[in-house]
Amino acid sequence: MSIRVAADGLSFSCPFDVKAAPEGFFDFASGFSVENIVSRLIEEHKLLPENFPKVEIEVDTNRIVLIPNTMFEEGMEENYLKANKVVYGRDEMTVVSPAFGIRAVMVAPRPAVEYLRSVWPGLTFTSPILKSIYRPKRGTVELNLTPSVAYLTVIEDKLNFAEAFPYSTSADLMYYIQRLGKIVDLQNSTILVLGHGDDAVIKLLSKYYRSVIGNAHYQWQP
């Protein structure tokens with residue numbers, strides 16, 4: 001089961017073959033507490049902990065720092081964030097996810113993580129930006145959008161660029177894309193747009209760049 005923890009609420013996605021689960025996707029607004037949400041899933045939809053041998057939390061935040069495995073030290077998570085001017089409060093905590101030879105250090109809401117760990121002790125963490133890094137592609141600029149955060153990655157033979165930034169308008173997206181254009185030849189790159197509002201963003205970027213496509217038209221490389 002995958003759980004997305006974001007500033008605007010929680011989303012749960014789970015296999016369709018789980019018995020007594022009428023749907024495969026559940027979405028809750030931020031007005032619900034994590035305890036109420038999980039209790040509702042367990043009691044009303046019978047999504048018991050034993051149904052899921054693997055539970056992964058996707059932390060949707062721009063407060064993320066990527067550290068090479070060779071430079072990462074346990075217990076230094078707060079220092080890595082501070083060095084990148086990332087701050088967090090008492091009701092937040094750091095979580096770590098390994099991927100692609102790096103460690104992603106992220107800020108997550110403490111009550112949500114602690115409660116979910118009490119229900120699913122073996123849960124792991126990820127980020128939309130890590131999923132972009134995992135995908136087998138070269139020479140592509142990927143813009144992966146959630147409702148409030150944009151994840152921008154460029155991979156050639158290795159990871160060349162990765163950044164997560166908050167946005168609220170199309171002007172915000174254009175600012176970061178144009179800034180990326182100073183170091184990447186966007187006119188001769190394929191810009192792959194995924195996620196929230198992707199059709200509108202593709203239409204916008206197509207006014208300025210030659211090759212802007214969505215998931216349905218991208219030829220994934222082996």
Side-chain angles (χ1 to χ4, degrees), residues 2 4-11 13 25 27-31 57-66 80-89 92 97 99-100 102 104-109 112 126-135 137-156 159-220:
S2 178
R4 172 174 286 181
V5 179
D8 57 351
L10 299 177
S11 296
S13 61
F25 184 80
D27 195 13
F28 297 87
S30 56
I57 293 184
E58 181 179 86
V59 185
D60 182 18
T61 179
N62 64 297
R63 291 182 296 170
I64 178 172
V65 175
L66 304 181
Y80 296 137
L81 292 170
K82 284 183 177 179
N84 287 273
K85 300 181 180 180
V86 177
V87 298
Y88 60 97
E92 297 176 307
S97 176
F100 206 71
I102 60 176
V105 181
M106 302 166 280
V107 176
T126 189
S127 163
I129 206 166
L130 296 181
K131 293 183 177 181
S132 297
I133 294 171
Y134 272 133
R135 279 188 273 267
K137 56 182 175 22
R138 292 183 177 87
T140 299
V141 175
E142 181 173 315
L143 181 62
N144 190 351
L145 303 170
T146 67
S148 58
V149 182
Y151 300 88
L152 194 56
T153 56
V154 180
I155 296 180
E156 296 296 340
L159 177 64
N160 289 16
F161 180 91
E163 185 171 357
F165 55 90
Y167 76 97
S168 57
T169 67
S170 58
D172 296 333
L173 294 175
M174 285 303 304
Y175 168 78
Y176 282 97
I177 290 291
Q178 289 172 347
R179 192 177 73 170
L180 178 64
K182 295 180 180 179
I183 59 175
V184 175
D185 183 7
L186 294 179
Q187 290 297 349
N188 291 306
S189 300
T190 296
I191 302 176
L192 174 63
V193 182
L194 305 173
H196 181 76
D198 55 340
D199 289 341
V201 175
I202 290 171
K203 185 176 180 179
L204 171 67
L205 295 180
S206 294
K207 296 178 181 179
Y208 303 93
Y209 303 103
R210 295 175 183 171
S211 178
V212 183
I213 60 175
N215 185 46
H217 297 94
Y218 186 74
Q219 297 297 316
W220 296 100

For the residue pair Leu130 and Leu66, establish whether any side-chain heavy-atom pair is separated by less than 4.5 Å.
yes
Quick one: side chain to side chain donor-acceptor pair (under 3.5 Å) partners of Ser97, sequence neighbours excluded?
none
Val149 side chain near Tyr151 side chain, heavy-atom distance below 4.5 Å
yes
Nearest heavy-atom neighbours spanning Thr61 and Met106:
CG2-CB, 4.4 Å
In terms of heavy-atom contacts, Ile64 and Ala164 come closest through CG2-CB, 3.9 Å
As a quick check of understanding, evaluate side chain to side chain contact (heavy atoms under 4.5 Å, CB included) for Leu192 and Ile213, giving each step before the final call.
CA-CA 5 Å; Leu192 174 63; Ile213 60 175; 4.2 Å; yes
I'd like a table of donor-acceptor pairs (distance under 3.5 Å, sequence neighbours excluded) in which one partner is a side-chain atom from residues 200-207, with atom names and distances.
from   : atom 1 : to     : atom 2 : distance (Å)
Ser206 : OG     : Ile202 : O      : 2.7

Do side-chain atoms of Ser127 reach the backbone of Ile129 as a donor and acceptor pair under 3.5 angstrom?
yes
Please identify each residue that fulfils side chain to side chain contact (heavy atoms under 4.5 Å, CB included) with Ala108, with sequence neighbours left out.
Val59, Val95, Val113
Could you go through the side chain to side chain contact (heavy atoms under 4.5 Å, CB included) check for Ile177 and Leu152 one step at a time?
CA-CA 9 Å; Ile177 290 291; Leu152 194 56; 3.9 Å; yes
Partners passing side chain to side chain contact (heavy atoms under 4.5 Å, CB included) against Ser189 (at least two apart in sequence or in another chain)
Val141, Val184
Determine which pairs satisfy salt bridge (charged side-chain N to carboxylate O under 4.0 Å, His left out) with at least one residue from residues 164-179, sequence neighbours left out, and list them in order.
Glu163-Arg179
Is there any ring pair (Phe, Tyr, Trp, His ring centres under 6.0 Å) pair reaching into residues 181-211, and which pairs are they, with sequence neighbours excluded?
none
Sequence neighbours left out, what passes side chain to side chain contact (heavy atoms under 4.5 Å, CB included) with Glu92? Give chain and number order.
Arg63, Tyr88, Val107
My understanding is that only residues two or more places apart in sequence, or in another chain, count here; which of them pass side chain to side chain donor-acceptor pair (under 3.5 Å) with Asn188?
Asp185, Arg210
Check whether any side-chain heavy atom of Val105 lies under 4.5 Å from a side-chain heavy atom of Val86, and answer yes or no.
no
Sort and list the pairs that fulfil ring pair (Phe, Tyr, Trp, His ring centres under 6.0 Å) and have at least one residue in residues 161-185, not counting sequence neighbours.
Phe165-Tyr176
